[in-house]
Amino acid sequence: MVKLSVLATLGALAAVVCALPVENAEEAAKTVRIMPFGASIVGAPGCWRALLWQDLQKAGVTNTDFVGSNKAPDCGFSYDGENEGHAGALADEYVKNGNLTTWLKQNPPDVIIMHLGTNDIVQKRSTASIITAYTALVGQMRTSKSSMKIIVSKLIPISPSVFGDFATQGVIALNKAMDDWAKANTKSESPITLVDNWTGFDASADTIEGEHPNASGNRKMADKFLQPTISAIRSVSTLQERDDC
Ligand SMILES: *[C@@H]1O[C@H](CO)[C@@H](O)[C@H](O)[C@H]1NC(C)=O
Ligand SMILES: *[C@@H]1O[C@H](CO)[C@@H](O)[C@H](O)[C@H]1NC(C)=O
Ligand SMILES: CC(=O)N[C@H]1CO[C@H](CO)[C@@H](O)[C@@H]1O
């Protein structure tokens, strides 16, 4: 009797442990690989990634490995800053050249954080062509991993006095188009989560020269990415936990 009830209790405990939210298992959770992907706003120096990494560690989300062929630029403290943010990059050139596919093979991630398209807009690519490139890139991400968690940022505004009003309007149009695009392309096993880095971001006060975020811009971007990144990491580690159960 006693033994049976102990066994029953153990069985019930195991079920409870497997059902526990992953916060309680984070230390033991498998490392989740995260690839920041885009152009210079992501990569050079992209110190919002340093703040995001720091905020994740502070929040106890330590099972992270940021991956990519770019090493961490100096942001004043040491952090895990590997990324695929390449200065001057265009979404449609990434598609044409297959760069992302190469990088996904080199360092396969579980989560991608993407901010991409500013250079396309400055070089007068249409909203429709950028959205077409996004769809192709998401296809490449899912070929790498069918359950890829994809976090896509609305573009931060760029200064009309530096880049022209057409560029500001292009960012607004692309950000608007992202809503329908994300809805149409999200999948339950591979969600596309939009992060709105446009709202509340000031192209004059929050950038160095009308384009790249300064200290206040980096803080705003890190804050906006934090919760979606935590959710993506947890959804990957929850699936891994379930595999163990
Ligand atoms: C992308 O691939 C093309 C073709 O291989 C190459 O010329 C280019 O340098 C790559 N871009 C980056 C940012 O590595
Ligand atoms: C850049 O960031 C600093 C620090 O947050 C802020 O004081 C400054 O006004 C910002 N803007 C410019 C254009 O430097
Ligand atoms: C309009 C819009 O989507 N605003 C969002 C901006 O970002 C913050 C934080 O990520 C959200 O709370 C807002 O809803």
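Owing to the predicted nature of the structure, the values given are computational and were not obtained by experimental measurement. By convention here, the first residue in the shown sequence is residue 1. Indexing begins at 1, ligand by ligand and atom by atom, following the structure's order.
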* Could you list the atoms of ligand 1 found under 4.0 angstrom from a heavy atom of His86? => 13 (C)
* Can you tell me if Gly217 has a non-hydrogen atom under 4.0 Å from ligand 2? -> no
* Short N-O contact, Arg219 and Asp223, less than 4.0 angstrom -> yes
* Below 4.0 angstrom from a heavy atom of Ser216, which ligand 2 atoms are there? Numbered from 1 as shown, please. => 1 (C), 2 (O), 5 (O)
* Short N or O distance, Asn214 and ligand 2, threshold 3.5 Å exclusive -> yes
* With a 6.0 Å cut-off on ring centres, are Trp103 and Tyr94 close enough? -> yes
* **Residue pair Glu84 / Ser69, side-chain donor-acceptor N/O under 3.5 Å** => yes
* Asked: Which ligand 1 atoms are under 4.0 Å away from a heavy-atom of Asn97?
  -> 1 (C), 2 (O), 3 (C), 4 (C)
* Asked: What about Asn99: any of its N or O atoms under 3.5 Å from an N or O on ligand 1?
  -> yes
* Decide, yes or no, whether a salt bridge links Asp65 with Lys30 under the criterion of side-chain N to carboxylate O below 4.0 Å. => no
* Specify side chain, backbone, both or neither for Thr207, according to which of its non-hydrogen atoms lie closer than 4.0 Å to ligand 2. => backbone
* Asked: Would you say atom 5 (O) of ligand 1 touches the protein, meaning some protein heavy atom is under 4.0 Å from it?
  -> no
* **atom 2 (O) of ligand 2: any protein heavy atom closer than 4.0 Å** => yes
